[in-house]
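Here's the structure we're looking at; comments come further down.
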Amino acid sequence: MKRRHFIKKAGITGMAIPMIPGTLSAATFSEEQKSFAGPVCIATWNFHEASKKAGELLKTGSSALDAVQEGVMVEESNVANTTVGIGGTPDREGNVTLDACIMAPDGNAGSVAYLQNIEHPVAVARKVMEDTPHVMLVGEGALNFALQNGFEKQDLLNDKTRAAYKEWLEEKKYQPIINIENHDTIGMVCMDKNGDIAGACTTSGLAYKMQGRVGDSPIIGAGLFIDNKIGGAAATGMGEEIIKNVCSFLAVELMRQGKSPKEACKQAVERVIERNPGYMDFQVAVIALNKNGETGGYAIHDGFSYMVNAEGKNENVKSGFYKG
Ligand code: SD4
């Protein structure tokens, strides 16, 4: 069925999906809509294996929540990715400290920050969401919670990251560089066959960050936001700027106002640019998915791309950008 046809048949225009007032769980697609709109997965950067994993899970009927968790866990276990999970670049003191969050279709959320020695912070974030009355646990508390829940402690540094840290120590220069220097955080948003949307985000943060620094990735609304009536968004890049402009929440709110995912991401990124004349020195990128299954992304600088897994394809899409 063609998209236009689908929208007409479903009796909806744009993103105005009919909702039962007061419901948080919004699986409102009819059977007809299901066959068209879902499932869809989007993820930051070029993580083919992560979006493939999520796409396969969605195809076999997994929930969006399970798909985003399993999807981003692929990168948490990827030692070649020096910005996520095991193999992540340490802070200035040589400790790998992880930030992650997860958000469910019913609006529930869980998050961990400054978590050390645990390979899968997103799985801990999910436990925080499901098994505690809280949204966010940090540092030692997050670690203790993880250990109590059966997660194993392990060394997240490897020979490569240890050697790179030693080299960095020689100059101890802290200067984040646009798009290079390990900008590989994974933020993922999925819609399942029921039309329900969930998201996850996980990172080791900026390379050689100050001890105790927490970025945008575990902050609900900054690195990730989901509203199952509207869609979801995730951000990557300079976390401080993403936090200051609550970029993912902003993108979802712009979609609520009727903007396409691409336009919403563009306006969210432009907000960062407007509010900080120093934007030439950092990268911020936002991706979004709406309830119709449409996707988009936008970045300040060239070089950002994102994965779209939909309708049997797993593709890397070059993002629009403000300045080359
Ligand atoms: C942070 N936003 O901690 C993350 C970094 C990032 O790809 O996105 N890297 O600020």
Side-chain angles (χ1 to χ4, degrees), residues 42-47 50-51 72 74-76 78 80-85 87-92 95-102 111-116 121-122 125 136 138-139 142 156 161 164 174-189 199-225 233-251 265 268-269 272 276 278-279 281-288 297-307 316 319 321:
I42 56 168
T44 54
W45 303 106
N46 195 11
F47 300 128
S51 56
V72 301
V74 170
E75 282 310 309
E76 287 180 338
N78 177 8
N81 184 337
T82 52
T83 309
V84 182
T89 303
D91 66 9
R92 293 184 190 191
N95 299 311
V96 181
T97 72
L98 304 177
D99 296 340
C101 75
I102 192 160
S111 162
V112 290
Y114 197 70
L115 176 63
Q116 295 180 49
V122 75
M136 192 164 191
V138 306
L156 301 178
T161 50
Y174 183 61
Q175 203 177 36
I177 302 165
I178 303 160
N179 254 350
I180 29 180
E181 208 217 17
N182 310 314
H183 270 297
D184 281 325
T185 293
I186 184 162
M188 181 181 279
V189 180
C201 189
T202 180
T203 190
S204 56
L206 295 183
Y208 313 122
K209 59 195 175 186
M210 282 179 71
Q211 188 176 32
R213 183 261 188 191
V214 170
D216 60 301
S217 304
I219 311 288
I220 300 300
L224 179 76
F225 193 70
T236 179
M238 188 59 74
E240 283 70 8
E241 300 304 318
I242 298 167
I243 293 171
K244 287 189 265 181
N245 293 284
V246 204
C247 289
S248 295
F249 181 74
L250 178 56
C265 293
V269 167
V272 176
N276 189 336
Y279 67 86
D281 295 333
F282 58 82
Q283 174 70 307
V284 165
V286 181
I287 59 168
Y298 199 76
I300 300 178
H301 302 281
D302 193 9
F304 175 65
S305 65
Y306 58 99
M307 294 302 303
N316 190 244
S319 164
F321 61 93

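For ligands, and for the atoms within them, numbers begin at 1 and follow the listed sequence.
A donor and an acceptor atom, one from each side chain of Thr97 and Gln116, are nowhere located under 3.5 Å apart. For the residue pair Glu75 and Asn81, a side-chain donor N or O sits within less than 3.5 Å of a side-chain acceptor on the partner.
The backbone N or O of Gly215 lies less than 3.5 Å from a partner atom in the side chain of Asp99, making a donor-acceptor pair. In terms of modelled atom types and a separation under 3.5 Å, the side chain of His301 and the main chain of Phe282 share a donor-acceptor contact. Thr44 places no side-chain N or O within 3.5 Å of a backbone atom of Tyr306 that could act as its donor or acceptor partner.
In terms of N/O distances under 3.5 Å, ligand 1 is approached by Gly239. Ligand 1 has a nitrogen or oxygen under 3.5 angstrom from a nitrogen or oxygen of Gly237. On a distance-only criterion, Thr185 and ligand 1 share at least one N/O pair closer than 3.5 Å.
Among Thr202, Asp216, Leu98, the residue whose heavy atom lies closest to atom 1 (C) of ligand 1 is Asp216. Closest to atom 8 (O) of ligand 1 by heavy atom, among Thr236, Thr44, Asp184, is Thr236.
Residue-ligand proximity: Arg213 is placed with a non-hydrogen atom under 4.0 Å from ligand 1.
Shown in contact with Gly205 at under 4.0 Å from a heavy atom are these atoms of ligand 1, numbered in order with element: 3 (O).
Within the structure, every pair that satisfies the salt bridge (charged side-chain N to carboxylate O under 4.0 Å, His left out) test and touches residues 239-250, not counting sequence neighbours, is listed here: Arg213-Glu240, Glu241-Lys244.
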